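Structure first, commentary second.
Everything quoted here is computed from the prediction, not taken from an experiment.
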Amino acid sequence: MRLTTKGRYAVTAMLDLALNGQYGPTCLGDISKRQEISLSYLEQLFSRLRRSGLVQSVRGPGGGYLLARPAGEISVSQVIDAVDETVDATRCQGLSDCQQGSTCLTHHLWCELSGQIRHFLDDVTLAQLMQRPDVLRIATRQRNRVEAGILASSP
């Protein structure tokens, strides 16, 4: 079971936007530099995030993106859903055809795990993540690295 790059990057970019867009629009180029995510990939993700009503775009000089709702009203699972991603622990994507068209012995176990993961991600908001000391420390390091022109990341 794993969350693909699309889901991980979407959550990372939205958290970056929440942390850095509190005082105005944030351009995708800045997120791209801080998070080392391709600008073209971010454009694709933000197109989906905008259609899902999680972000809004601001045109013109000083434009970029803003959260469409307060960070406390945006859960991690909403971000993952917006980019058409799923967190599924089953081998069959929940279709019950895991063993030559039939349900495998552990299918229901993995479905329950998927449900637990979903419930956990439903309960985590961007605002909660923004308050975590580890997130704040890393965000500061990333901003400092970009300001200093150092693009390689370090833990």
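Leu42 has its side chain out of reach of Gln35: every pair of non-hydrogen atoms, C-beta onward, lies at least 4.5 Å apart. Looking at Asn144 and Thr140, their side chains come closer than 4.5 Å, going by heavy atoms from C-beta outward. The shortest distance between side-chain heavy atoms of Thr90 and His107 falls below 4.5 Å. Contact annotation: the side chain of Arg118 approaches that of Asp81 to within less than 4.5 Å [non-hydrogen atoms, C-beta and beyond]. At least one side-chain heavy atom of Leu15 sits less than 4.5 Å from a side-chain heavy atom of Met130. Two residues are said to be in side-chain contact when any heavy atoms from C-beta on lie closer than 4.5 Å; His108 and Thr103 meet this criterion. Side-chain contact between Leu19 and Leu136 is present, with heavy atoms from C-beta onward closer than 4.5 Å. A 4.5 Å side-chain heavy-atom check between Leu45 and Met14 finds every atom pair outside the cut-off.
Distance check, rounded to the nearest 0.5 Å: OG of Ser75 to CG of Asp122 gives 5.5 Å. In this structure, CG on Leu17 lies 5.0 Å from OG1 on Thr26, to the nearest 0.5 angstrom. Here Leu54 contributes atom CG and Arg48 contributes atom CZ; the two are 13.0 Å apart, rounded to the nearest 0.5 Å. Atom CZ of residue Arg34 and atom CD of residue Glu147 lie 9.5 Å apart, to the nearest 0.5 angstrom. Atom CZ of Arg145 sits about 11.5 Å away from atom NZ of Lys33, to the nearest 0.5 Å. In this structure, OG in Ser57 is found 12.0 Å from CG in Leu49, a value given to the nearest 0.5 Å.
Within the structure, every pair that satisfies the ring-ring contact (aromatic ring centres under 6.0 Å, His included) test and touches residues 51-101, not counting sequence neighbours, is listed here: Phe46-Tyr65.
Through side-chain heavy atoms spaced under 4.5 Å, either directly or across other Ile, Leu, Val, Met, Phe, Trp or Tyr residues, Val58 is tied to Leu66.
Using modelled atom types and a 3.5 Å distance limit, the side chains of Ser114 and Asp88 yield a donor-acceptor pair. Looking only at atom types and distance, the side chain of Ser47 has a donor-acceptor partner in the side chain of Arg51 under 3.5 Å away.
Using a distance-only test at 3.5 Å, with no hydrogens or angles considered, no donor-acceptor pair links the side chain of Ser32 to the main chain of Ser38. Side-chain N or O atoms of Lys6 include one that pairs as donor or acceptor with a backbone N or O of Val83 at under 3.5 Å.
The number of heavy-atom neighbours closer than 6.0 Å to CD of Gln128, taken from other residues, nucleotides and ligands shown, is above 12. A 6.0 Å sphere centred on CZ of Arg132 holds no more than 12 heavy atoms belonging to other residues, nucleotides or ligands.
With hydrophobic clusters built from ILVMFWY side chains whose heavy atoms lie under 4.5 angstrom apart, Val76 does not share a cluster with Ile138.
Contact detail for Cys27 and Gly63: the closest heavy-atom pair is CB-O, 4.1 Å. The two atoms that bring Pro25 and Gly64 nearest to each other are CB-N, 3.6 Å, heavy atoms only.
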